A.B. asks: 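Quick one: the structure is below, and I'll ask about it shortly.
Nothing here was measured: the structure is a model prediction, and the numbers come from that model.
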Amino acid sequence: MTDKRVVIVTGGGTGIGEATARLLREGGHHVVVSGRRPEPLRRLAREIGALAYPSDAGEPDAAEGLVRAALDEHGRVDGVVLNAGIGRGGAVGDLSLQDWDDVMRTNVTGPLLLLRAALPYLLESRGAVVAVASVSALRNGAGNAPYATSKAALLQLCRSVAVDYGRHGVRANTVCPGWVRTEMADRRMARFAEEAGLRGGVESAYEEVTRSLPAGRPGEPREIAQAIDWLLSPAASYVNGAVLTVDGGTTALDPGTLAFDFHITPRDDEGSDAAC
């Protein structure tokens, strides 16, 4: 892989994808960003000098077109960041099948299609793939069946690339973030704040959900981007098929021990925060 790489970043208009694109451009690399919403992509492309390719990650023609756009612009593909994703909730017995299909199409089938389109060129460049999964791929929560299942599947899809193509020089690794301040997480925090009656809104919700974590705070998109940048780089040349948790210690924590360190009381009717 050359010092200046050509990297495709899906879901690149906001959040972790945007932070990754910015960091890669700061390092002098060429970036092609894709996503469903044209305006955030084009704004980012203007600001950092990237190529924007608005597209739906779940469409076969879109995956082929995205790779072709990178080749037409830069002549090669050295890296792919599989970051596009959506979240839907529901337990197995009551989830919407439409939600299930939407999540699997975006979070699993979309990455598969892009990998298939990009693989011949990653083999040429001995390139690298980084999938952005979630701690939900490793730990589960209530009413989270579609999202958690999709992220676990994405993790194993990435590992399959590592196993099948590692001997040919292609590396594929996965990062599993915890709560990170992104648009998608903000929306979830807003719903939680409303449901729980938290007076402080989104900020109080982030505080509530990260209160018992070792880091005691949500992550920032750039913190995840830095891990992605490293996994794409020659510095991680012997890292393949790995799962890197970037979660502030979330998955290191045994929930069964929380009672020994925290005294948790229910929120009152007016939405005051729990004590710890």
Side-chain angles (χ1 to χ4, degrees), residues 1 5-18 20-21 24 29-38 40-41 44-45 50-87 101-134 137 147 150-166 168-176 224-225 228-229 231-232 240-241:
M1 187 181 291
R5 301 184 294 277
V6 178
V7 182
I8 295 171
V9 180
T10 68
T14 60
I16 293 170
E18 177 184 359
T20 301
L24 288 168
H29 306 297
H30 302 294
V31 179
V32 181
V33 288
S34 73
R36 292 180 180 178
R37 294 185 293 163
L41 289 177
L44 177 65
L51 175 65
Y53 188 86
S55 62
D56 183 339
E59 294 293 335
D61 290 346
E64 295 284 350
L66 174 56
V67 172
R68 177 50 53 191
L71 294 171
D72 289 346
E73 185 77 8
H74 301 296
R76 59 187 293 127
V77 175
D78 299 297
V80 173
V81 179
L82 302 169
N83 174 68
I86 61 172
D101 289 343
D102 289 346
V103 169
M104 293 301 161
R105 177 173 169 272
T106 300
N107 295 5
V108 183
T109 303
L112 171 67
L113 293 171
L114 181 53
L115 286 170
R116 286 168 61 92
L119 192 57
Y121 309 101
L122 292 171
L123 288 167
E124 287 181 9
S125 64
R126 300 177 70 85
V129 175
V130 179
V132 181
S134 166
Y147 184 73
S150 73
K151 290 302 186 178
L154 176 61
L155 187 159
Q156 291 298 348
L157 177 64
C158 196
R159 277 185 164 167
S160 294
V161 173
V163 170
D164 292 333
Y165 299 99
H168 303 287
V170 175
R171 296 184 300 106
N173 297 289
T174 304
V175 295
C176 288
I224 315 304
I228 294 168
D229 183 39
L231 287 170
L232 289 170
N240 200 15

A.B. asks: Does any part of the side chain of L82, heavy atoms only, come nearer than 4.5 Å to the side chain of L114, both counted from C-beta?
C.D. replies: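 Yes, side chains in contact.
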
A.B. asks: If only atom types and distance count, is the side chain of K151 paired as donor or acceptor with the main-chain N or O of V132 below 3.5 Å?
C.D. replies: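 Yes; judged by distance alone, with no hydrogens or angles, the pair exists.
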
A.B. asks: If only atom types and distance count, is the side chain of N107 paired as donor or acceptor with the main-chain N or O of I86 below 3.5 Å?
C.D. replies: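 Yes: the side chain of N107 pairs with the backbone of I86.
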
A.B. asks: Please round to the nearest 0.5 Å and tell me the distance separating atom CD1 of I8 and atom OH of Y121.
C.D. replies: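 I8 atom CD1 to Y121 atom OH measures 10.5 Å (nearest 0.5 Å).
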
A.B. asks: Taking R171 for its side chain and A128 for its backbone only, find out whether a donor-acceptor pair lies under 3.5 Å.
C.D. replies: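 No: the side chain of R171 does not pair with the backbone of A128.
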
A.B. asks: State the NE2-CG distance between H168 and L123, to the nearest 0.5 angstrom.
C.D. replies: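 One finds 7.0 Å between NE2 of H168 and CG of L123.
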
A.B. asks: Please round to the nearest 0.5 Å and tell me the distance separating atom CD of E124 and atom CG of L119.
C.D. replies: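 Atom-to-atom, E124:CD and L119:CG are 10.5 Å apart.
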
A.B. asks: Rounded at 0.5 Å granularity, tell me how far CG in L232 sits from NE2 in H29.
C.D. replies: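 Here the rounded value is 8.5 Å.
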
A.B. asks: In the structure I gave you, are the side-chain heavy atoms of E18 and V9 within less than 4.5 Å of one another anywhere?
C.D. replies: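 Not touching, per the 4.5 Å side-chain cut-off.
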
A.B. asks: Does the side chain of C176 come within less than 4.5 Å of S134's, by heavy atoms?
C.D. replies: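 No; the side chains remain at least 4.5 Å from each other.
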
A.B. asks: What I'd like to find out is whether the side chain of V130 reaches to under 4.5 Å of the side chain of T174, using heavy atoms alone.
C.D. replies: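 A side-chain contact under 4.5 Å is absent here.
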
A.B. asks: Which heavy atom of L44 sits nearest to which heavy atom of A21, and what is that distance?
C.D. replies: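 Heavy atoms only, the tightest pair is CD2-CB, 4.0 Å.
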
A.B. asks: Calculate, to the nearest 0.5 Å, the distance between atoms CE and CG belonging to M104 and L112 respectively.
C.D. replies: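 Reported to 0.5 Å precision, the distance equals 13.5 Å.
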
A.B. asks: Restricting to salt bridge (Lys or Arg N to Asp or Glu O under 4.0 Å), what partner residues turn up for R116, sequence neighbours left out?
C.D. replies: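 Testing R116 for salt bridge (Lys or Arg N to Asp or Glu O under 4.0 Å), a comparison that skips the adjacent residues, returns none.
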
A.B. asks: Where do V67 and L71 land on the side-chain contact (heavy atoms from CB on, under 4.5 Å) test, with the steps shown first?
C.D. replies: CA-CA 6 Å; V67 172; L71 294 171; 4.0 Å; yes

A.B. asks: I need the minimum non-hydrogen distance between A69 and Y53, along with the two atoms involved.
C.D. replies: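 Nearest heavy atoms, A69 then Y53: CB-CD1, 3.6 Å.
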
A.B. asks: Please check: side-chain N/O of T109 versus main-chain N/O of G58, any donor-acceptor pairing under 3.5 Å?
C.D. replies: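 No, the answer is negative, given that no donor and acceptor are paired below the 3.5 Å cut-off.
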
A.B. asks: Please confirm whether the backbone N or O of V103 pairs with a side-chain atom of T106, one donor and one acceptor, at under 3.5 Å?
C.D. replies: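 No: the side chain of T106 does not pair with the backbone of V103.
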
A.B. asks: Is there side-chain contact between T20 and D229, with heavy atoms separated by less than 4.5 Å?
C.D. replies: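 Not in contact.
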
A.B. asks: Quick one: does any side-chain atom of S55 pair with a main-chain N or O of S34 as donor and acceptor, under 3.5 Å?
C.D. replies: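 Not a single qualifying donor-acceptor pair exists.
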
A.B. asks: Hey, does L24 have a side-chain heavy atom less than 4.5 Å from the side chain of V31?
C.D. replies: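 Of all side-chain heavy-atom pairs linking L24 with V31, at least one is under 4.5 Å.
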
A.B. asks: Can you give me the closest heavy-atom contact between G12 and L41, atom names plus distance?
C.D. replies: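 What the structure gives for the nearest pair is C-CD2, 3.9 Å.
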
A.B. asks: For the backbone of L231 and the side chain of N173, can you confirm whether one donor and one acceptor N or O come within less than 3.5 Å of each other?
C.D. replies: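 A pair under 3.5 Å: no.
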
A.B. asks: If we only count heavy atoms from C-beta on, is the S125 to V77 side-chain gap below 4.5 Å?
C.D. replies: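 Side chain of S125 against side chain of V77, heavy atoms only: no contact under 4.5 Å found.
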
A.B. asks: Taking the side chain as every heavy atom from C-beta outward, state whether H30 and L51 have any pair of such atoms under 4.5 Å apart.
C.D. replies: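 H30 does not reach L51 side chain to side chain.
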
A.B. asks: Checking the side chain of N83 only, and the main-chain atoms of T10 only, is there a donor and an acceptor separated by less than 3.5 Å?
C.D. replies: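 It does hold such a pair.
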
A.B. asks: Charged N to carboxylate O below 4.0 Å: is that the case for R68 and D61?
C.D. replies: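 No, R68 and D61 are not salt-bridged.
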
A.B. asks: Kindly compute the distance separating CD (E59) from CG (L113), expressed to the nearest 0.5 Å.
C.D. replies: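 Here the interatomic distance stands at 8.5 Å.
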
A.B. asks: Which residues satisfy the salt bridge (Lys or Arg N to Asp or Glu O under 4.0 Å) test with D56, sequence neighbours excluded?
C.D. replies: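 Checked D56 against salt bridge (Lys or Arg N to Asp or Glu O under 4.0 Å); matches are R36, R105.
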
A.B. asks: Check whether any side-chain N or O of D78 sits under 3.5 Å from a backbone N or O of V7 as a donor-acceptor pair, and report yes or no.
C.D. replies: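 Answer holds: no.
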
A.B. asks: What is the minimum heavy-atom distance between N240 and A162, and which atoms define it?
C.D. replies: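 Of all heavy-atom pairs spanning N240 and A162, the closest is OD1-CB, 3.2 Å.
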
